[in-house]
Structures are given as structure tokens and as C-alpha cells.
Amino acid sequence: KNKSTLTTSEEPYPQLKSGKYNKVIEKKIINYDYFVETSISSELEKLQDFVLLNLALSEQPIKKYYQNFYKQKEQEIPKDIQELTKILPKKLLIHYLNLQKNFEFNEKIFNQAIKDFFSFIKNYTTDEYIMPLYNFQYNTKHESLQFGKITLRKITDYELKTISKLDEKKRISDLNREITHVLSTFLLSDNLSSGFDNVKKEFQLLLDALTLNFMGDLQIATIYQNINYHWKPFERGIEVKNFPVKNQLIFVKEKYYSLKNFYYTLKKTNIEQKENLFVQIAISRFRTGLNRSSLVDKIIDFVTSLESLYTSGPGDLTRKLSQRCCMVMGTNDEKREFYHDFLKKAYNFRSGLVHGESKREIIIDEKSLDIEEISSLLEKITRESIKKYLKLINHYTGKNKNKQIIQDIDNSIINRKKYSILKKKF
């Protein structure tokens, strides 16, 4: 009866080929959303079945959700919740039409729509969050990998369209063209104001696990809420500007299980606890260093990260850092000597940068290292040091873990037996 008011439009869409952006195409979109919500909305609301269904939906737990929603926004709670839930039966109809692609009744598709709808009702206080992974490369046929509640999966054309704002710009930036994967998760939305903050912490933890196990630069990007979860309103989190980097992080499937184990270890370590704060600071400065575009800034951040781990108190920081780090990083006398020599000179190099002096020369084994080699080696040492400290802190208790660890490292320098005991801890 009303299908003459149904509109079809052509919208720009990214075409994906083997999981990667190929080109922009024009795609025909049948606008069932507008049709249901506008053209036939008033007629739907008059139907007795619609009234009964809406009455059932307006009870718990949805009623509690809306009460909580308005309470947290410090607004008056509407007396008639049914006015708010009218959208839900319409969403069910829209979902069915989008699956069926016409107005005919198909029992199989209808049952699928009902199943999806009741799954949504059961999890009404849950929101979907996704975040694109920039500067990330993962070439595999596997569709997704699981890390607790977080899924690493390929991006869809609709997600890329939304993230790249293709409707507005009619084009995709070079950086967005490179996106192949996203992180996705579902979180309870009981606290409406902290949803994005909570999911940011969850995503950051997995990004830290990735950057501590693979060479390359990753950083938090803009987070999107309910981008695919069409039952609820779509929202965009705080806009984050991402930039292309020289070193993409290349993830390989063979490392999945070891990465998964490391992720769970990192999650259980509770680096936010006061006694582990020095490791959290080290990870934070390492993360900052990775995302710097300037090699000078990278070097300063990596050395600052190492200071958080290996130095305590004022005085002779060069000696403290180089001696302690070489004992943890070196697997034999030659390597310990190399790390000791390099870190002494790297700290001196960093001091020159901080004080605005010209770049001091670093010569190791009669070879002069350029600034890129210095940065790369410091990144490697910092990454491995943090991983070793994540194991070390599990063997100590109390408020002064960092001082206890440093004391054991210092003792191991002159006592080989104590060094053997220390090595077993990391």
C-alpha cells in the first residue's frame, strides 16, 4: 500500500578486495529506515499488535535502562516509557526488511530477525565499540582472532565508509585506505559517561601487548559506538588524529597464542597498582616514543622509559642505567659488555639532545652509529626490558618493588650465585 514512498539512493561505498580497499563505487541503497520511521510510522503505531508489543518492551530491563540513562544525564525521567520504546518494534521491522530486501513474508528470514531482536533485548544495556587499526598489517585468510572480550577482525565496507566519512568527502584519504582490521568489543553501558573511557583502556592494553611483541608503531584511534549495532544510536568518541608512520606493525598468525598469553599476563599484572607504577610509566613513555615522528623525541622517550625501570634516586644515572640494564639484557659477558658500552654512550647522547648541544658521536666496536640506528637499538632494549620487568614484579611484594628489584640487580653484579637466582625470575 505504501511502497510507492520507498526511496532508493546511490551512495559512494568503498569496495574491498581480499580485505583491502580497492576503489570507491556507487551502491544502490533501499532506504527502509526512512520508510518505516517516517512514511508508515503513524499507521504502525495505531495497530493493536504494535501497542501490545510496545507495552511488553517498555518493562524491565529496558525501563531500568532508560531510568538510569536520564538519571545520569541529570534529566527528568519520562513518565511514559512507552513513548521512548516505540522505536524498538520499528527497528525489528526495519531489520527484517533489510534482510529480506522486499515486502514479502519469508518465515526463515523472519525467524532470524526475531532471534536477532531478542538477542538485542536480552543484552539491551550492552554497547558495541570498534576501533580501526592504523599502521597495522595482518595477511591471513582467518576472519578474526579473540583476546578475551576483544575481537581482532577484518574491517567491513560499511565500517570503512563510516570511519572515512565517505558520504561527506566522496573520497578516502591515503591513511584510511590502508585500514584492513579493527578491534571490536561489547561492554555494559550501565555507566553512560565512562563507556568510551573504559573501552579505551581495554583497547590500549591490547595495543601495548602488540607493540611489546612486534616491531612497529600503533596508537589509539577514534572509537565508534554502535556503528553496526543498528538497534541503538550511533556515536563517535573523541576524534583522534592518526598519522602514517615508517614502521608498520606486521602481525603474524604463528605468534597468536604467545601474544594471547602475554596479553592475559599483562592484564593480570595490574600495572595500575601503586607498587607497579614505575612499570606503567615505562610502558607509557615507550608508547609515546613509538608514536613520535622525530627520532630525537623517540630517543628521549626510550631513555626516560629505561630510567623508570633501572634508576632510583639522584646521582650518577649513567652508571646506574648502563650497569643494571646490561645485567638484565645480556645473556653472556660479551653482550653485557656491549649493552653497558652502548647505554653509557646513548645516555650521554640523550643528554646532549636534552641540553640543546650538537649530536654527540656514538662509536661501538669501531663503528659510528647514526641516529636511526641509535633509536632502533634503544627501542629494542626498552621493549625487552619492559617485558622482563613484567615478569620480575610478580616475584616481589610491598610498596618498594622497584627498589627491591634494583637492589637484587646491584647484588648480582658482584655475586654470580645471586645473578643466577635473579635470571630465573625473568
Side-chain angles (χ1 to χ4, degrees), residues 147-148 150 198 200-215 218 255 257-290 301-315 317 319-331 335-336 339-340 343 347 378-426:
F147 297 89
I150 298 177
N198 289 339
K200 181 180 177 181
K201 288 179 183 177
E202 292 294 323
F203 284 158
Q204 185 64 70
L205 197 68
L206 182 53
L207 291 187
D208 287 339
L210 281 161
T211 54
L212 286 168
N213 283 273
F214 297 91
M215 296 287 289
L218 284 182
K255 298 283 186 179
Y257 291 106
S258 62
L259 175 65
K260 193 174 181 179
N261 289 334
F262 181 84
Y263 167 74
Y264 286 134
T265 300
L266 185 59
K267 197 174 178 69
K268 291 175 184 175
T269 302
N270 294 322
I271 57 172
E272 292 184 354
Q273 289 182 352
K274 192 173 181 180
E275 60 267 29
N276 296 328
L277 189 60
F278 65 106
V279 180
Q280 185 189 30
I281 292 170
I283 292 174
S284 178
R285 291 310 294 256
F286 174 70
R287 184 193 305 150
T288 303
L290 285 178
D301 282 319
F302 293 147
V303 172
T304 304
S305 177
L306 290 171
E307 281 182 319
S308 299
L309 300 177
Y310 293 109
T311 65
S312 177
L317 298 182
R319 178 189 60 79
K320 290 178 179 179
L321 176 61
S322 57
Q323 281 188 354
R324 292 165 181 167
C325 188
C326 79
M327 294 304 292
V328 172
M329 288 293 297
T331 54
K335 288 184 178 179
R336 280 190 285 276
Y339 284 122
H340 183 268
L343 287 165
Y347 198 91
L378 279 172
E379 177 184 334
K380 177 185 174 184
I381 293 170
T382 309
R383 176 181 284 110
E384 291 306 312
S385 290
I386 291 171
K387 290 171 73 174
K388 290 180 185 297
Y389 260 77
L390 285 169
K391 293 179 181 178
L392 274 171
I393 57 177
N394 293 320
H395 295 276
Y396 297 84
T397 57
K399 297 179 181 179
N400 298 311
K401 279 189 182 182
N402 59 330
K403 291 181 179 178
Q404 293 176 50
I405 294 170
I406 283 171
Q407 184 63 54
D408 282 355
I409 294 173
D410 286 345
N411 290 338
S412 73
I413 294 172
I414 55 175
N415 188 318
R416 286 291 168 178
K417 187 177 180 180
K418 289 184 177 181
Y419 180 58
S420 298
I421 296 170
L422 178 70
K423 278 178 67 177
K424 292 177 183 178
K425 295 178 181 180
F426 59 78

Any donor-acceptor pair under 3.5 Å from Y347 side chain to R319 backbone: no
Any side-chain to backbone donor/acceptor pair from N415 onto N411? Under 3.5 Å, distance only. no
Pairwise distance OG(S322) to CG(L306) - rounded to 0.5 angstrom: 11.0 Å
Enter the distance from I150:CD1 to L205:CG here, rounded to the nearest 0.5 Å. 7.0 Å
Nearest-0.5 Å distance, NZ of residue K255 to CG of residue L210: 13.0 Å
Does the pair E384/K380 count as a salt bridge with the N-to-O cut at 4.0 Å? no
Under 4.5 Å between any side-chain heavy atoms of I386 and R285, yes or no? no
Step-by-step side chain to side chain contact (heavy atoms under 4.5 Å, CB included) determination, L392 to K401: CA-CA 9 Å; L392 274 171; K401 279 189 182 182; over 6 Å; no
Under a plain distance cut-off of 3.5 Å, with no hydrogens placed, do Q204 and D208 share a side-chain donor-acceptor pair? yes
Working to the nearest 0.5 Å, report the span between CZ of R324 and OG of S412. 10.5 Å
Assess the residue pair S258 and N213 against the criterion (side chain to side chain contact (heavy atoms under 4.5 Å, CB included)); give the C-alpha distance rounded to whole Å, side-chain angles, the decisive distance to 0.1 Å, and a yes or no. CA-CA 9 Å; S258 62; N213 283 273; 5.7 Å; no
Could you tell me if the side chain of V303 sits less than 4.5 Å from the side chain of L343, heavy atoms only? no
All heavy atoms of L390 vs all of I393, minimum pair found to be O-CG1, 3.6 Å
Is it the case that atom NZ in K260 sees more than 12 heavy atoms from other parts of the structure closer than 6.0 Å? yes
Give a yes or no on whether the ring-centroid distance for F147 and F262 is below 6.0 angstrom. no
Any residue meeting side chain to side chain donor-acceptor pair (under 3.5 Å) with Q280, in chain and number order, not counting sequence neighbours: none
Apply salt bridge (charged side-chain N to carboxylate O under 4.0 Å, His left out) to E202 and list each qualifying residue two or more places apart in sequence or on a separate chain. K267
Hey, can you tell me if F286 and F302 have their rings parallel, tilted or perpendicular (30° and 60° cut-offs)? tilted
Taking distance alone, no hydrogens or angles, what donor-acceptor pairs closer than 3.5 Å link side-chain atoms of residues 416-426 to residues at least two apart or in another chain?
from : atom 1 : to   : atom 2 : distance (Å)
Y419 : OH     : M327 : O      : 3.0
Y419 : OH     : G330 : O      : 3.3
Y419 : OH     : R336 : NH1    : 2.9
S420 : OG     : R416 : O      : 3.1
K425 : NZ     : Y396 : OH     : 3.3

dist L266:CG -> I271:CD1 (nearest 0.5 Å) comes out at 5.5 Å
Report yes or no: does N276 contribute a side-chain atom to a donor-acceptor pair with the main-chain N or O of E272 at less than 3.5 Å? no
Looking at S305 and A282, what are the two nearest heavy atoms and their distance? OG-O, 2.7 Å
To the nearest 0.5 Å, what is the distance between CD on E275 and OG1 on T397? 9.0 Å
Can you check whether Y310's main-chain N or O pairs, donor with acceptor, with K320's side chain at less than 3.5 Å? no
Could you report the tightest heavy-atom contact between G289 and D301, atom names first, then the distance? CA-CB, 3.6 Å
